[in-house]
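Below: the structure, in structure tokens.
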Amino acid sequence: MSTPQDDNELSAVTAAQVTRIADHGIYASATELDPAAANLAQALVATLTESAEQPLLTPELRQLVEQVRARAVPDVLKITAHDGVRLSAFTIKLNGDEPRPVVIVPAGWTPLGWTIFAYAYLRLALRGYHVLAYTPRGIGQTFPLLGGGYRDAFFTSGGTIDVAGPNDWADGSTVIDYAQQYFAPSAIAFLGESYGSGISQLVAAHDPADRVDAVVALSTWGNLATSLYDNDTRHLKAVEALVALTGGPEERKFDPATRRLLADFRAGRNLPDVVAWGTERASASYVDRTNARGVPTFLSNTWHETLFPVNQVVEHFERLTVPKHLNLWIGDHAAPEGAGLTAPSGGPDLPVEEAFAWLDHHVLGAADGVPEWPVVNSQIMFTYRTRTDPETGKTVITEPAVREPHGSWAEVTTSTERWYLTSVGSDSRDGGLAQEAETGWKREFTAGRITDATAVDALVTTGQAEWRGDPKTYPTGKFDRQHLAVWTSAPLQAGADGTGRRVRGVPELTLTVRSTTESTTLVAYLFDVASDDTARIITHEPLTLTDLTPGQDRIATWRLQAAGYDVAAGHRLMLVVNSKDQLYSDALTDAGADSGTTTIVSTDEGAAHLTLPLG
């Protein structure tokens, strides 16, 4: 992980760096912020607080800072929590006695703490908000010292990370106490991205005085337990990335109890305790509180989210009865909103502008049309128009992807169709997908190998590329049929709207499985295959089966992650099942075994089939 810079190491921000952040996002990898984003954030803070020793900003950003300083007072401070932990915080207090609302921003899970979204705080101030941003306890960069020990960065909070647990809820209320004393605000809103989004929802549900008037939760979770462990499969890569991005060594950032829990998760033991721990930290666990309090709630997530998969957010959203809105975007975690919270976009920035508009209506009282918004607005993969820049060779989006409005999530899926897995497909190596059932066949593969059929190349960055118009392409001819099974449809005929299929909602897969081992993992992928046999991923989901009797059949049904995807006419649907993906735990690795044979069969009692949602 790269080390964020101290103030005296900051370099001047260039227009090219700002453009790069806007185009490519704020992450260099799942465990590393782009150094340009880190430098820009801290350069904004240094300039705003007049601690910069040299000019650091582009003219546009310098003008923005001057506008805010002309009408507000910034400050960097510490807020003392109930147990004495000191939370690093930043405020922008608007001048004048007129009551104004405050937006409280708990930082995301980032070594830069509250500084990373300094640009967003300036934008909020110019919209008429006081701002109070803070770093949740334990988060933020710590620097090792020669001879031992550590020094915390100014934006780092004390204590150890509670992972959105009860200490974080109490800290949120303590921050509200400070905001009321310092700002005397007319209303209080919480806005968070990623980790901060979960804390925002949980504070709104638990604040003893019910003082949160609205919430914006970007790249958020509904159920932390199922985000990390679902279908008896652990999301190992997500937890690995989060632990690496705290800003310091694990033994310093987490208390002994949390370290034991993380060790149990990695080892696949005491998982009921892990589930209970995650459920306590799930905003979905407190939906009745949120509903009773009537907190207007804005949620945002992505179709190919690898940290907090989309289904658990949709399920939480559906249970909310408060004024609510759900945006679903192309890409992966933080890709839609991260850049717009960090740097000027140079153009329309709907993911952030709509979040701010939600606050404007619910806490500023703006008549901005929010009540007339669709309850759900889904961006459809991959309906954007692109071109290749002849000078750079890069893909450039020329038209944003189509968005589809709906009055509820239930309206997204209007019908379903069943695709049966058959013995022979268009490629003699593979099975087929057809409208009529076929039983009496089997297909087998050797388990235990990573294949070219995989959810992503890398957490976050594959999705960032997808968001900017460059989704991963899979050469399906490289899929190693020895270690996976494939079923492909015939080319799809054009429907009335010209598409081959409008996938809308949650696909479901039913297979009869036979294994030579007592447990096996199945990872199902649904692809869109073009005429040149290259594919793009529509959705996927793993499932681990345990307590199997070797050689005996087990019928398994599981839901893949929700999708909004237009498959072009003439393209084919491809279902791939393998045993291993880099994102997840798998049964053979957990058992210490190298291989086993997995057999998919279709019997009279359970014809193998894929239920496809359409809209």
Side-chain angles (χ1 to χ4, degrees), residues 103-104 106 164 168-169 172 187-207 210-227 230 278-303 305 307-329 336-337 351 354-363 368-379 403-413 504-506 559 561-562 564:
V103 177
I104 297 175
D168 285 314
W169 315 342
I188 296 169
F190 269 67
L191 178 149
E193 189 266 345
S194 187
Y195 187 48
S197 75
I199 291 175
S200 293
Q201 293 186 74
L202 290 161
V203 172
H206 286 92
D207 178 54
D210 187 12
R211 293 174 289 181
V212 180
D213 297 294
V215 165
V216 167
L218 307 175
S219 286
T220 193
W221 73 78
N223 190 329
L224 188 62
T226 56
S227 293
D230 199 17
T279 300
E280 184 182 29
R281 290 156 170 78
S283 50
S285 297
Y286 311 102
V287 68
D288 291 343
R289 287 174 177 256
T290 303
N291 289 338
R293 294 181 171 197
V295 181
T297 302
F298 178 109
L299 303 180
S300 178
N301 199 253
T302 54
W303 295 119
E305 173 76 34
L307 297 187
F308 308 129
V310 62
N311 283 2
Q312 49 83 34
V313 171
V314 169
E315 290 162 6
H316 170 51
F317 178 79
E318 278 294 88
R319 293 179 59 209
L320 289 169
T321 59
V322 299
K324 61 182 181 178
H325 182 77
L326 173 65
N327 277 342
L328 293 172
W329 303 100
E337 318 98 358
E354 290 180 5
F356 287 173
W358 183 262
L359 297 178
D360 290 350
H361 176 75
H362 288 287
V363 295
D368 55 6
V370 165
E372 287 73 51
W373 280 4
V375 175
V376 176
N377 212 351
S378 303
Q379 199 174 41
R403 298 175 75 192
E404 287 185 351
H406 294 284
S408 69
W409 176 256
E411 296 178 9
V412 171
T413 303
R504 302 290 189 274
V506 180
R559 304 191 327 150
Q561 292 298 320

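Small disclaimer: the values here were computed from a predicted structure and weren't measured. All heavy atoms count here, side chains included; hydrogens, waters and symmetry mates do not.
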Does the side chain of F308 reach to within under 4.5 Å of the side chain of S194, using non-hydrogen atoms? yes
Pair E354, N327 - check side-chain hydrogen bond (donor to acceptor under 3.5 Å, both in side chains), show working. CA-CA 9 Å; E354 290 180 5; N327 277 342; 2.8 Å; yes
Shortest non-hydrogen pair, V412 vs G505, comes out as CG1-N, 4.2 Å
So CG of N223 and OG of S283: to nearest 0.5 Å the spacing works out to 8.0 Å
Applying salt bridge (Lys or Arg N to Asp or Glu O under 4.0 Å) as the test, list every pair that has at least one member in residues 192-206; sequence neighbours left out. none
Separation of L191 CG from S197 OG (nearest 0.5 Å): 9.5 Å
Could you give the distance from CG (L320) to CG (L299), rounded to the nearest 0.5 Å? 6.5 Å
Please check if the side chain of N311 supplies one atom and the backbone of A562 the other of a donor-acceptor pair under 3.5 Å. yes
With distance as the sole test, does R293 use its side chain to make a donor-acceptor pair with the main-chain N or O of A204 at under 3.5 Å? yes
Side chains of F190 and V203, heavy atoms from C-beta outward: is any pair under 4.5 Å? yes
Hey, are the side chains of V322 and P296 touching, using non-hydrogen atoms and a 4.5 Å cut-off? no
Could you tell me whether a side-chain N or O of T297 sits under 3.5 Å from a main-chain N or O of V295, the two making a donor and an acceptor? yes
Where the side chain of N301 meets the backbone of T220, is there a donor-acceptor pair that is under 3.5 Å apart? yes
Heavy atoms, side chains only, cut-off 4.5 Å: are V314 and V376 in contact? no
For A164, the side chain to side chain contact (heavy atoms under 4.5 Å, CB included) test, sequence neighbours excluded, returns Y195, I199, L202, W221
Audit row: S300, E337, side-chain hydrogen bond (donor to acceptor under 3.5 Å, both in side chains) steps and yes/no: CA-CA 9 Å; S300 178; E337 318 98 358; 2.8 Å; yes
Whether H406 side chain and N377 backbone form a donor-acceptor pair below 3.5 Å: no
So, the side chain of D213 versus the backbone of A187: is there a donor-acceptor pair under 3.5 Å, distance only? no
For the side chain of N291 and the backbone of R319, is there at least one donor-acceptor N/O pair under 3.5 Å apart? yes
Under 3.5 Å donor-acceptor, E411 side chain and G407 backbone: yes
Can you tell if the side chain of Q561 reaches within under 4.5 Å of the side chain of V506, non-hydrogen atoms only? no
Ignoring hydrogens, what is the shortest heavy-atom contact between W358 and H325? Give both atom names and the distance. CZ3-CB, 3.7 Å
Cationic tip of K324 within the cone over F298's six-membered ring, i.e. under 6.0 Å and within 45° of the normal? no
In chain order, what residues pass the salt bridge (Lys or Arg N to Asp or Glu O under 4.0 Å) check against E404, with sequence neighbours excluded? R502, R504
Would H316 and Q201 count as a side chain to side chain contact (heavy atoms under 4.5 Å, CB included) here? Give the steps. CA-CA 11 Å; H316 170 51; Q201 293 186 74; 3.0 Å; yes
Which atom of A189 lies closest to which atom of L359, heavy atoms considered: CB-CD2, 3.7 Å
Donor-acceptor contact present, side-chain Q312 to main-chain T226, <3.5 Å: no
Could you pull out the closest heavy-atom pair between P323 and H362, with the gap in Å? CB-CE1, 4.1 Å
Please check this pair: side chain of W329 against backbone of S378, looking for a donor-acceptor N/O pair closer than 3.5 Å. no
Any side-chain heavy atom of H361 within less than 4.5 Å of one from W373? no
